[in-house]
Amino acid sequence: MIEARHLRVLRAVAATGSFSAAGRELGCTQPAVSQQMKALEASVGTPLLIRSGREMRLTQAGEALVRHAAGILSGLTAAEEEVAAIAGLRAGRVRLVSFPSGSSTLVPTALAALRAAHPGTRVSLEEAEPPKSVELLREGDCDIALAFRYERATGTGGGEQAGEGEWDDLVVRPLLTDRLVALVPERHRLARTGPSGSVAIGDLAAEPWIAGCPRCRGQLIQVCESAGFTPRIDFATDDYPAVVGLVGAGLGVAVLPQLAIESVRPRGARMVTLEPAVRREIVALTLPDLAQVPAVSATLEQLGRAAARVG
């Protein structure tokens, strides 16, 4: 294997014409230069220099290696400088995948702070709900995935997380706990309860429902069934503003994470607190090796700070 330090010695010998002159240029002794040249010739399996008295000239193989050495060494120098810039957060790239309500609340604050602190770091954003976002992370298509998982519906608001163990191979950065709230039309009989009061989800058993993303839809059915009824889902959409709009038009009721309502103006709809509480855990996920990358680590830190402000 050809080593970069041997190439540097070969270039110095070719430029100066002798081992002693090359040693003075490189700051080492003549025997050290000779030893490294012998090691290089052993590596390539052919002579690189023709020694004639005090003169020295390159063989055809030596000329070819010197010709390529300039590009190889300049490429290595560029690589070293780029890696140093990434390690020092003067450069770098982070591919972030987030679910929509995270994209509209946590991500903007975090990325604005990251850009202010490290303007050389670039972040791309793609939206995907879990488990798709987690699949993208495991397949190498992103560096950080914002994800969530719901507490199990126990009928008592218990805090056991569904899917325990599903992220055991990942680095999990807890961000916040997001409580679900009911959304009803403003003229609904329960609208006057308001967010300061509370209702049981069973009070909404006879209502038509608007459901969200597949994972949220599954959680809604589980919570309702734990309260003794199966919801009649008239509409289903992944778009939270669409859910709010359908409720505001009086077409049904919904249960949404509070974070999802942060960036939506619920015209014609009112939030109502649910009891017992139903919560979801919001986290940032990455791979163990990626967690050591400075740009990824800095992004995780800013997501944590953004979540603390929201929480």
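In what follows, residues are counted from 1 in the order of the sequence shown. Side chains are part of it too, since the values below use all heavy atoms of this structure and drop only hydrogens, waters and symmetry mates.
- Rounded to the nearest 0.5 Å, atoms CZ (Arg232) and CD (Glu207) are 9.0 Å apart.
- With Ser297 contributing its side chain and Val293 its backbone, the two residues share no donor-acceptor pair below 3.5 Å.
- Side-chain atoms of Pro276 and Ile201, non-hydrogen and from C-beta on, never get closer than 4.5 Å to each other.
- Side-chain contact between Pro208 and Leu251: absent, with no pair of heavy atoms (C-beta onward) separated by less than 4.5 Å.
- Considering Leu96, Ile144, Asp143, Val107 as possible partners of Val123, the one that fulfils the side-chain contact (heavy atoms from CB on, under 4.5 Å) test is Leu96.
- Under a 4.0 Å N-O distance rule, the pair Glu41/Arg51 qualifies as a salt bridge.
- The shortest heavy-atom contact between Cys213 and Asp238 is CA-OD1, 3.2 Å.
- With hydrophobic clusters built from ILVMFWY side chains whose heavy atoms lie under 4.5 angstrom apart, Tyr150 shares a cluster with Ile233.
- Around atom CD of Gln30, more than 12 heavy atoms belonging to other residues, nucleotides or ligands sit under 6.0 Å away.
- Counting heavy atoms of neighbouring residues, nucleotides and ligands inside a 6.0 Å radius, atom CZ of Arg189 exceeds 12 of them.
- Looking at Asp178, its side chain does come within 3.5 Å of a backbone N or O of Leu259 through a donor-acceptor pair.
- Here Leu146 contributes atom CG and Arg173 contributes atom CZ; the two are 11.5 Å apart, rounded to the nearest 0.5 Å.
- Side-chain contact between Arg217 and Pro214 is present, with heavy atoms from C-beta onward closer than 4.5 Å.
- Summarising the geometry of Ile2 relative to Leu65, their closest heavy-atom pair is CD1-CD1, 4.0 Å, with the distance given to 0.1 Å.
- How far CZ of Arg270 is from NE2 of His188: 13.5 Å, rounded to the nearest 0.5 Å.
- The two residues Glu63 and Leu58 have their closest heavy-atom pair at CG-CB, 3.7 Å.
- Annotation: Arg115, atom CZ; neighbour count of heavy atoms from other residues, nucleotides and ligands within 6.0 Å does not exceed 12.
- Contact annotation: the side chain of Arg149 approaches that of Glu166 to within less than 4.5 Å [non-hydrogen atoms, C-beta and beyond].
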Test side chain to side chain contact (heavy atoms under 4.5 Å, CB included) on Phe19 and Leu49; report intermediate values, then the result. CA-CA 11 Å; Phe19 286 174; Leu49 296 168; 3.7 Å; yes
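- Tested against Leu256 for a side-chain contact (heavy atoms from CB on, under 4.5 Å), the candidates Leu180, Val247, Val244 yield a single pass: Val244.
- Paired with Ile282 under the rule side-chain contact (heavy atoms from CB on, under 4.5 Å), one option of Leu106, Thr105, Thr177 passes, and it is Leu106.
- The closest side-chain heavy-atom distance from Cys28 to Val33 is below 4.5 Å.
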Taking it one step at a time, do Leu190 and Leu204 satisfy side chain to side chain contact (heavy atoms under 4.5 Å, CB included)? CA-CA 9 Å; Leu190 296 176; Leu204 300 168; 3.5 Å; yes
Is there a side chain to side chain contact (heavy atoms under 4.5 Å, CB included) between Thr16 and Arg24 once you walk through the steps? CA-CA 10 Å; Thr16 62; Arg24 287 193 297 271; over 6 Å; no
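- In summary, Glu301 and Arg305 engage in a salt bridge, as defined by a charged side-chain N under 4.0 Å from a carboxylate O.
- Between the CD atom in Glu80 and the CG atom in Leu73 there is a gap of 9.5 Å [rounded to 0.5 Å].
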So Leu287 and Leu170, side chain to side chain contact (heavy atoms under 4.5 Å, CB included) or not? Walk me through it. CA-CA 5 Å; Leu287 297 171; Leu170 304 174; 3.4 Å; yes
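- Interatomic distance, CE of Met56 versus CG of Leu48, reported as 12.0 Å (0.5 Å rounding).
- Taking every heavy atom of both residues into account, Pro47 and Ala61 meet most closely at O-CB, 4.0 Å.
- Looking at heavy atoms from C-beta onward, Thr273 lies in side-chain contact with Arg179 at the 4.5 angstrom threshold.
- A heavy-atom distance below 4.5 Å is not found between the side chains of Trp209 and Asp234.
- With rounding to the nearest 0.5 angstrom, the NZ atom of Lys38 is 13.0 Å from the NE2 atom of His6.
- Remark: the backbone N or O of Pro119 is paired with a side-chain donor or acceptor of Arg122 at under 3.5 angstrom.
- Follow the hydrophobic side-chain contacts under 4.5 Å out from Phe99 and you reach Leu176 in the same cluster.
- Residue Gln60 qualifies as open at atom CD: its count of foreign heavy atoms under 6.0 Å is 12 or below.
- Across all their heavy atoms, Cys216 and Tyr240 have their closest contact at SG-OH, 3.8 Å.
- Transitive grouping of hydrophobic side chains (ILVMFWY, heavy atoms separated by less than 4.5 Å) brings Leu220 and Val184 into a common cluster.
- No single ILVMFWY cluster, assembled from side-chain heavy atoms under 4.5 Å apart, contains both Leu89 and Leu114.
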One pair to check against salt bridge (Lys or Arg N to Asp or Glu O under 4.0 Å): Glu82 and Arg93. What are the steps and the verdict? CA-CA 12 Å; Glu82 184 173 347; Arg93 180 196 66 172; over 6 Å; no
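- For the pair Val278/Glu151, no side-chain contact is recorded, criterion being any heavy-atom separation below 4.5 Å from C-beta on.
- Counting all heavy atoms, side chain and backbone alike, Leu300 lies closest to Ala284 at CD2-CB, 3.6 Å.
- Both Phe235 and Val243 are assigned to one and the same hydrophobic cluster, defined by single-linkage of ILVMFWY side chains at heavy-atom distances under 4.5 Å.
- In this structure, Asp289 places its CG atom where only 12 or fewer heavy-atom neighbours from other residues, nucleotides or ligands lie under 6.0 Å away.
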